[in-house]
Engineer: 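Just dropping this structure here.
For the single chain, residues carry numbers from 1 onward in sequence order. Hydrogens, waters and symmetry mates play no part in the numbers below; they use all other heavy atoms, side chains included.
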Amino acid sequence: MPAINPRPEEHFARLARLLDMEAEAEKLETLREFERRTPAEAEALGNSLIHLVIRDEDAGLGGRVLLTFGKRNQNLSLPWNRLRTGSPVILSEEGNADSEGWRGIVSRAQRDSIQVAFNQWPEADASSSTFRLDRSTDETGRQRQRQAMDKARDAKSSRLAMLRDVLLAKQPALFEKVETHQALNQNLNDSQNQAVAFALSADDVAIIHGPPGTGKTTTLVELMRQITGSGQSVLAVAASNLAVDNMLERLLDAGENVIRLGHPARVSPELREHTLDLLVEKHPDFKIARKLTRDAHALKNSSFKYTRAKPEPGAREAIRQEAKDMLREARKIEEGVVERVLNSARIVCATSTGLDAEILNGRIFDWCVMDEASQSTEPAAWIPLQYANRLVLAGDHFQLPPTVISTEAAKEGFDISLMERLLSTIGTSISRRLNVQYRMHSDIMTFSSDVFYENSLQADESVRAALLADLPTVTFSPLTACPVDFIDTAGASYDEEQEPNGDSRFNPLEAELVIKKVNALIESGVSPNMIAVISPYSAQVRLLREMLGESEIEIDSVDGFQGREKEAVIVSLVRSNREGEVGFLADTRRMNVALTRARRKLIVIGDSATITSHGFYQRMVQYFESIGAYHSVWEE
């Protein structure tokens, strides 16, 4: 665990060591995947796609090469996988042991094909080659984390040094008197307006704590609009590209002038026109720079060509020097275009690890607003801090923590975000919590509110009593007229199984019951695209995907469904054993996410005899009994 008030040298040395441990763990995991699994097994786990052929090729996205891959049989869909838009991948040529592979970024993922953006054309040995795609680590982001921590550690007599000392509790976090501001969004509730006012009063750092469904992004958009309205600038960052795009879209809808940094392939297609790359490409001066570059290369190449007449002494060198001068001029024009485009916007959006020091070129923003702050490891959070004077962290440390592979690093606190550490060391004096939620029926909300949020959440009138039966296409029945069902499989031999050659678990009989409930919902008139199935275990997710086949129903892990919601959600807990082992379920923050995704109907399926060995689940089952939601599987 991190020390309370450590010296900067000790603090950053510890984080750097844990970052290296995490890098080593990722490397070993990748190596193990290759060594202990066949390509088919790796594909079944969702980390790879094999036997791919190039279906299409194109250019675009800031001058990059776009290749679309699919199975040779074009009627085959791609198997379920974790390769999402923005995922870093390595492409390798199958059957070629000497192929070192090519790094790229997934730019589009569809059922039957996947498009990847490369900085250069992958040169395969033969046109008939087949390829393999594997998820990759982000080494560039890791290097930026190391550099940011070094800069923060060594900062002296600067704004970064002052921020660092506040964040390490060497200096108190100061706040000015809270001034009344005129809300731009008239639909904000009191807790949202108070959070905005509180954040605006911060001299150094403030935290906005947003439990599920409480309108955290809406609050952040209001905050950023208030900041830009006073003539100040904002660097808006988040841990994931999805969260950054969500902020970008909401800011654009509010009429803000925003620019998105990062690889265009990591940005949703409808927002790519707002990326720095494409805005720079459209600028008239950039076309001049491109022409200069082409002419410079042509001139340079001409200096190597053989001519009948012997050139004058030094003529070739003069031509090459002229080409160098042209390239230098082109680069200067490009830098000027980037500078002008960035100057045109008050808000710049990016992932924390996607911030490029060369592009930002010493630029300092008045504020940094960090969404998903509770899902970012602390080293990543220090990257944007070097570019801002004040910091607002927003998130919920009672939902998903940062993803950490190294168990040893996690034991030493690497999965504790900057936001969680500040709440632990400085306290809630720097935080304001949102307390009105707009997502779910009050019975779905109450257990989470009691356990995680001191019973402080209130369901807005618009959702407080909302049921599936209220929807126009849905018939009234016991299934659709109550918000919560817990189906207890205890004593019915719904035994869990361990995945062959893997660590995950699945429960076939429980999966069959999930399918039964899905069909019952559909028969009641609930549209498949209103239904989601969530499980903490990836093996159960894969089994359910196989059983449901092609469907509009979303089936995903808890991590994959963070930030999402559906009208009806079925949660499959999987664990059922005589020893009362709950394993992965012991991370109650993940269960908080799973239980708060449903708007009108939550169905939880699990073995009470197993899960109630853990106090959290004993309390959960008792709550379900108290609201009449408890049912035995024998009733089914």
Side-chain angles (χ1 to χ4, degrees), residues 183 185-196 208-222 246 249-250 253 394-396 398-399 432-486 517 521 524-534 553-554 558 561-571 591-604 620 623-624 626-629:
N185 182 349
Q186 298 299 313
N187 295 318
L188 294 186
N189 61 52
D190 287 344
S191 71
Q192 290 172 322
N193 276 318
Q194 288 168 17
V196 171
I208 296 177
H209 181 190
T214 53
K216 173 172 54 68
T217 304
T218 299
T219 307
L220 293 183
V221 168
E222 174 72 17
N246 187 30
E249 188 171 21
R250 300 281 288 276
D253 288 344
D396 181 11
F398 296 125
Q399 294 190 63
R432 289 293 182 273
R433 181 189 289 167
L434 308 179
N435 60 23
V436 180
Q437 67 85 16
Y438 299 86
R439 175 182 297 161
M440 58 200 123
H441 189 288
S442 60
D443 283 357
I444 301 173
M445 171 202 76
T446 299
F447 177 69
S448 176
S449 178
D450 287 349
V451 174
F452 295 99
Y453 309 107
E454 294 91 32
N455 196 25
S456 64
L457 299 189
Q458 307 162 29
D460 184 71
E461 188 65 35
S462 62
V463 299
R464 186 176 300 154
L467 298 167
L468 285 178
D470 299 330
L471 296 173
T473 60
V474 178
T475 58
F476 186 93
S477 70
L479 179 66
T480 63
C482 70
V484 183
D485 285 328
F486 172 70
K517 286 299 171 185
L521 288 168
S524 298
V526 182
S527 173
N529 61 17
M530 295 180 178
I531 304 170
V533 179
I534 304 174
I553 296 161
E554 282 197 63
V558 179
F561 217 77
Q562 165 78 349
R564 308 284 309 289
E565 59 187 55
K566 288 284 184 176
E567 300 294 342
V569 172
I570 303 173
V571 181
M591 194 48 52
N592 185 31
V593 173
L595 296 175
T596 56
R597 300 304 99 194
R599 292 174 57 82
R600 298 168 184 264
K601 181 72 179 186
L602 171 66
I603 301 174
V604 181
M620 181 186 79
Y623 170 73
F624 289 151
S626 73
I627 61 170

Engineer: For a quick test of reading the model, state the closest non-hydrogen atom pair linking G525 to T473 and the distance between them.
Structural biologist: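 Heavy-atom minimum between the residues: O-OG1, 3.1 Å.
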Engineer: For the residue pair L595 and V604, establish whether any side-chain heavy-atom pair is separated by less than 4.5 Å.
Structural biologist: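 They are in side-chain contact.
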Engineer: Please report the shortest heavy-atom distance between Q399 and P211, naming the atom on each side.
Structural biologist: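 Taking Q399 first and P211 second, the nearest heavy atoms are NE2-C, 4.0 Å.
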Engineer: Indicate the atoms forming the closest heavy-atom contact of V569 with I534, along with that distance.
Structural biologist: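 That would be CG1-CD1, 3.6 Å.
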Engineer: Give the minimum heavy-atom separation between M591 and V571, together with the two atoms involved.
Structural biologist: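 Smallest heavy-atom distance, with atoms named: SD-CG1, 4.5 Å.
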Engineer: Among side-chain atoms of R432 and S191, is any donor-acceptor pair under 3.5 angstrom?
Structural biologist: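 Checked: R432/S191 side chains show no N/O donor-acceptor pair below 3.5 Å.
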Engineer: Could you tell me whether E554 and R597 make a salt bridge, using a distance below 4.0 angstrom between a side-chain N and a carboxylate O?
Structural biologist: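 No, no charged N to carboxylate O under 4.0 Å.
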Engineer: Check S449 against L457 and note the closest heavy-atom contact, atom names and distance.
Structural biologist: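 Nearest pair, atom of S449 first, then L457: OG-N, 3.1 Å.
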Engineer: Heavy-atom count check: over 12 atoms from other residues, nucleotides or ligands less than 6.0 Å from D190 CG?
Structural biologist: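 No, CG of D190 has 12 or fewer neighbouring heavy atoms, counting only those of other groups under 6.0 Å.
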Engineer: What is the distance from atom CD of Q194 to atom CD1 of I208, rounded to the nearest 0.5 Å?
Structural biologist: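 The distance works out to 12.0 Å.
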Engineer: S448 side chain to N592 main-chain N or O, any donor-acceptor pair under 3.5 Å?
Structural biologist: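 It does not hold such a pair.
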Engineer: Any donor-acceptor pair under 3.5 Å linking the side chain of T480 with the backbone of L468?
Structural biologist: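 Not confirmed, T480 side chain does not pair with L468 backbone.
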Engineer: Nearest 0.5 Å please: distance from the CD1 atom of I570 over to the CD1 atom of I553.
Structural biologist: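 Here the rounded value is 8.0 Å.
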Engineer: Would you name the heavy atoms of L188 and E222 that are closest together and state the gap between them?
Structural biologist: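 In this case the closest contact between L188 and E222 is CD1-CG, 3.4 Å.
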Engineer: If you measure from CD on E567 to CG on D470, what distance do you get to the nearest 0.5 Å?
Structural biologist: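 It comes to 10.5 Å.
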Engineer: Go through M440 and L602 one step at a time and tell me if the side-chain contact (heavy atoms from CB on, under 4.5 Å) criterion holds.
Structural biologist: CA-CA 10 Å; M440 58 200 123; L602 171 66; over 6 Å; no
Engineer: Could you check whether any side-chain N or O of K601 sits under 3.5 Å from a backbone N or O of L479, counting only pairs where one atom can act as donor and the other as acceptor?
Structural biologist: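 Indeed, once roles are kept as given, a pair shorter than 3.5 Å links the two residues.
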Engineer: If we ignore hydrogens and angles and just use 3.5 Å, is the side chain of T214 paired with the main-chain N or O of N435 as donor and acceptor?
Structural biologist: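 No, T214 side chain to N435 backbone: no donor-acceptor pair under 3.5 Å.
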Engineer: Working to the nearest 0.5 angstrom, can you tell me the gap between Q437 CD and Q458 CD?
Structural biologist: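 If we round to the nearest 0.5 Å, Q437:CD and Q458:CD are 10.0 Å apart.
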Engineer: Could you walk me through whether N185 and V221 pass the side-chain contact (heavy atoms from CB on, under 4.5 Å) test, one step at a time?
Structural biologist: CA-CA 9 Å; N185 182 349; V221 168; over 6 Å; no
Engineer: Is E454 reaching over with its side chain to a backbone N or O of S456, donor-acceptor style, under 3.5 angstrom?
Structural biologist: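 Not confirmed, E454 side chain does not pair with S456 backbone.
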Engineer: Closer than 3.5 angstrom, by distance alone: can the side chain of E249 be matched with the main-chain N or O of N246 as a donor-acceptor pair?
Structural biologist: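 The answer is no, because no donor-acceptor pair under 3.5 Å joins these two groups.
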Engineer: At what distance, to the nearest 0.5 angstrom, does NE2 of H441 lie from CZ of R599?
Structural biologist: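 Atom-to-atom, H441:NE2 and R599:CZ are 12.5 Å apart.
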Engineer: Check whether any side-chain heavy atom of M530 lies under 4.5 Å from a side-chain heavy atom of L471, and answer yes or no.
Structural biologist: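 SC-SC contact between M530 and L471 confirmed.
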Engineer: Do the side chains of T446 and I627 get nearer than 4.5 Å, heavy atoms only?
Structural biologist: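 No - every pair of side-chain heavy atoms lies 4.5 Å or more apart.
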Engineer: Can any side-chain N or O of R600 pair as donor or acceptor with the backbone N or O of A466 at less than 3.5 Å?
Structural biologist: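 Here the side-chain-to-backbone pair does not exist.
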Engineer: What residues form a ring pair (Phe, Tyr, Trp, His ring centres under 6.0 Å) with F447, not counting sequence neighbours?
Structural biologist: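 Residues passing ring pair (Phe, Tyr, Trp, His ring centres under 6.0 Å) with F447: F616, Y623.
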Engineer: Check the pair D396, Y453 against side-chain contact (heavy atoms from CB on, under 4.5 Å), reporting the backbone distance first and the verdict last.
Structural biologist: CA-CA 10 Å; D396 181 11; Y453 309 107; 2.4 Å; yes
Engineer: Does R439 reach the main-chain N or O of T596 with its side chain, forming a donor-acceptor pair under 3.5 Å?
Structural biologist: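 Present.
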